[in-house]
Structures are given as C-alpha cells and as structure tokens.
Amino acid sequence: MQQWFNVSLQRKISGLLVVLLSFLFVVILYSIYKLKLIDAEMHEVAEIDVPLTEMVSELEMMQLRQHLLMEQFRLNGDTAKVALKPEQAFAAQRDGLKQILAKAQRVLNKSLQRHQVRFAATEHQQILASIEQFHQQSDSFEQQLKLALQQDQTNNEQWLKFEAEAATLDQSIVAILRHMETLTLEASRYTDKHENEFMLVNTGLGLCAFAIGVYLTFYILQIFRQRIGRIQAQIKNVQQSIEQGEPISNPEFVQPEHKDELTELEHDLKMMVQRLSEEISNRQEIEQQLLVLATRDKLTGAYNRHKWDEQLRMELGLAERGGVFSIALLDVDFFKKVNDQFGHHTGDKVLQALTANLSQRLRKTDTLFRLGGEEFAILLPQQKVEMACQFAELLREQVASLQVPDLPAFTISIGVTQYQPQDDADSILSRADRALYLAKHSGRNRVEAG
Ligand SMILES: Nc1nc2c(ncn2[C@@H]2O[C@H](COP(=O)(O)OP(=O)(O)OP(=O)(O)O)[C@@H](O)[C@H]2O)c(=O)[nH]1
C-alpha cells in the first residue's frame, strides 16, 4: 500500500482505472454467462415445455372424446347410431393418443440425449416411463375390448368392467398430464427466478460499478484540488512576499509522505519558497547593515557627516518655509592630551562615553552627529537659540561631571547658533564654528552662542 502512494500520478490513475475496468469486465462476463444460461432455458422452454403443454391440451381433448365415446357405447349399446364400430372408434382414439404420447416421448428423449433438460431430468425420465407403462395398459385394454366385442359379450357387467379399466387408464393419463403440467410450470418458474436473479445481480453490480467510478473520480479530483490548492497558496505567498519585499511568512517545509509528480512539485516549490525567504531575510539584513554603514560612524555609532549633510539640508528646506531650528557644535577639550597621556585607545573610549552620554540626554527629535575627529554636532529642530543654549549648557555640565571607570574626566566646549533667513549649510555651520572657537578661546568647558 505504501508503495502504491509512491508511484507516479499517471500510474496511480492507471491503477485505479484497471480496478474499475476489471470490475466492469467481471460484470460483463457474469452478464454473458447469465444471458447464455437464460437463453438455454428459453430454448428448453421452447423445445420441451411448449410442445409438452400443447400435448397436454391435446391429451385432455382426447380424454374428453374417449369419455364421450364410452358414454355413447354404454348408453346406446347400439353400434348403428355411431359412425364407427366400438373397436374402430377405440382404435382411432388409441392411435391419436399414441401419436401424441409418441411425440411427447420423442421430444423428451431428444432433449434428454442432447442434455437440454437442465431442470429435473429424472422427473422427465419418470414421465417417459409412465408413458411407456400407459402404452402397455392401453394395449391390454384394447385387446380385452376387442375380444369382448368379437365374442359379443358387451353386457352391462362387462361395460362396468371396461369402464373401471378405462377409468384406471384415465387416471394414468391424468397423472402423466399433471406431472407434465407441474414440470412445465416449475420450469417456467425456474426460468423466471433466473431472470429475476440476473436483473437483481446485474443492477447491483451496475450500481457498484457506478459507485466505484464516482468514488474514484471524486477521489482523484480531491487529490488534485488539495495538492494544487497547497501549491497555489505557496505561489500566492511568494508573490505577496516579492511584492512587499518581506520574508515569506511561515514558510512550511514538511517532508512529503509519498512521492509522485505533484508531491515532488510541492516539495520543490517549498524548497524554493524557503530559499527565497532566506534570501529576502539576508538581503534585508545586508540592506540594514549597509544603511548603518552609510549613515553611522563606526566608532561611536552616532550619525556620520554624510547623514549630517542630508539632515541639515532637509531642516534648511523646512526652515525656508517658516520653520526654526538650531545647531550645536561641540568639541572635546584638550583631546590631544588625552590621546598623548592615556593612549589612542583611551581617546576612543572617551569619544564612545561622550556619545553614549549625549544620546541619553537628547530629545526624540534631536539628533547627534560626529562630524570628524573629536568634533560633534547636534541638530535641534524647532528650537530657538536661547532654548538650545540652555540645553547645551545642561549637556556641558553633565559631561563635565561624568565619571566613567578607567577613563579620565573630560570637558566639552559648545558653539550654538539658530537658523537665520538666507542661511545655507556652510553659513550656519560657519556661525556655529565661530561660536565654538569663541568658547574654546574663552577658556573651554563653555557654551557660546553665535
Ligand atoms: N583617539 C582618537 N583620537 C582622535 C580621533 N580623531 C582625531 N583624534 C585626535 O584628536 C586630537 C585633536 O587635537 P586638536 O585638534 O589639537 O584639539 P585638542 O587637543 O582637543 O585641543 P582643543 O580642541 O583646542 O581643546 C588629535 O590629536 C587627533 O589625532 C579618533 O578617532 N580617536
């Protein structure tokens, strides 16, 4: 069974069709066999039972005629009133009777020899034996009647004896007739029964074949619908992910239980979806890293000069339409000494500590940039110079009081300026630079506005 699931789809469908066709083949074979049987039975009825039924009718007629004859002879006792003499009348009667019985014997003998009698063959033989016996009784009766008539002994007593013997013959004939009738009736019932069986079984088998066909069709359609549905869902998933540039949500990857063309296709598609999902995730990660590299300073993590230029241009654009903003330029005091005294590595640590401290204090809208060396800038949107100076003073104080283990204390000087109409990137930066220069030359660890 397990192997069957692993064969190709074409072989699966072919297998199911072979099952269905085999079933239909059996149904057809059964029908042919049953039809032949019924045909043989119909032949038997036509060749045996119909002639026998006709003979039964003829024998009944003969019997009636014999009764009439006997009655005539008995009542009249005068041979002149009937067309034939009694012995002639009985001989004619006997000949007719014998002819019919001989015909019946021929039909039965022929059918028994040809093995056409399928039903109750022994009973047919019994009929033959009864007919034979009747012939003997009839011959004996005829002899006695002939003798009695020749000796003219046809008195009442004699007629009563003949009547009794004729009644015995009658009974024999009646027994044969009833036997024949019973057999023909049972034969037709037997044929009817076979026909009904044939109809019933064939209808049942036909319905079974139909049910199997319908089941197989729906089974195959269901398999296709499920599998193709899953493949379509995966393709849709991939399409959405490609359109949105997002990794594929929950890409399932289940090892297929059985192998055929569709499961292999499904499996390949899932592999492709998984790889695509990984590639999209990797690409996003790389894009994120590139973005960080392009906009952030590697040492401190603050935004770099490139980002500063971009943000400053944007802020200038907004300010030209009526906005306001300030910038603060800040520089570590005597940083060269830190480097010289504690080493370049400690100098780096100082820059990192400064960045971390400033970043903690900034508002969400403010941004810190490292412009180069130990020089930093803060962009303060919607801030006038007074507020910006107050904020810069706060930052300066906090840096001055900063104590970081293994790092020397350090201070910063800050130059603050506000956007002024007609400002561009260079002019506003130059003004801030001049303010910083002033702070440096005024003793450092100071905030100056420009
Ligand atoms: N450790 C370290 N030092 C740097 C880095 N960038 C620049 N410097 C050093 O910073 C020092 C700046 O020195 P100066 O321009 O003379 O300024 P200063 O010593 O801070 O003096 P003032 O600014 O006048 O207070 C130089 O010695 C540079 O080598 C850096 O990324 N790391």
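In this chain, residues are counted from 1 in sequence order. Counting starts at 1 for both ligands and their atoms, following the listed order.
When hydrogens are left out, the protein atom nearest atom 19 (O) of ligand 1 is Lys336 N, 2.8 Å; that is the closest non-hydrogen contact. Among protein heavy atoms, atom 23 (O) of ligand 1 sits closest to Lys440 NZ, 3.0 Å. Here the heavy atom of the protein found nearest to atom 31 (O) of ligand 1 is Arg370 NH2, 2.8 Å. In this structure, the protein non-hydrogen atom closest to atom 24 (O) of ligand 1 is Arg444 NH2, 2.9 Å. At the shortest separation from atom 1 (N) of ligand 1 among protein heavy atoms lies Asn339 OD1, 2.8 Å. Counting protein heavy atoms only, atom 14 (P) of ligand 1 is closest to Glu374 OE2, 4.1 Å. Among all non-hydrogen protein atoms, the one lying nearest atom 18 (P) of ligand 1 is Phe335 N, 3.5 Å. Shortest contact from atom 25 (O) of ligand 1 to any protein heavy atom: Phe334 N, 2.7 Å.
Of all atoms in ligand 1, listed by their number and element, those nearer than 4.0 Å to a heavy atom of Asp348 are 1 (N), 2 (C), 30 (C), 31 (O), 32 (N).
A distance of 14.5 Å separates CZ in Phe334 from CG in Asn339, rounded to the nearest 0.5 Å. Separating the CG atom in Leu205 from the CD1 atom in Ile28 is a distance of 11.0 Å, to the nearest 0.5 Å. Distance check: Ser401 OG to Arg396 CZ gives 9.5 Å after rounding to the nearest 0.5 Å.
A donor-acceptor pair is defined here as one N or O able to donate and one able to accept, closer than 3.5 Å; such a pair exists between the side chain of Thr217 and the backbone of Gly213. Here the side chain of Asp423 pairs a donor or acceptor atom with the backbone of Gln420 at under 3.5 angstrom.
Considering backbone and side-chain atoms alike, Asp333 places every N or O at 3.5 Å or more from each N or O of ligand 1. In terms of polar-atom proximity, defined here as any N/O pair under 3.5 Å, Val332 does make such a contact with ligand 1.
Looking only at atom types and distance, the side chain of Gln382 has no donor-acceptor partner in the side chain of Thr365 under 3.5 Å away. Remark: the Gln360 side chain and the Gln398 side chain contain no N/O donor-acceptor pair separated by less than 3.5 Å.
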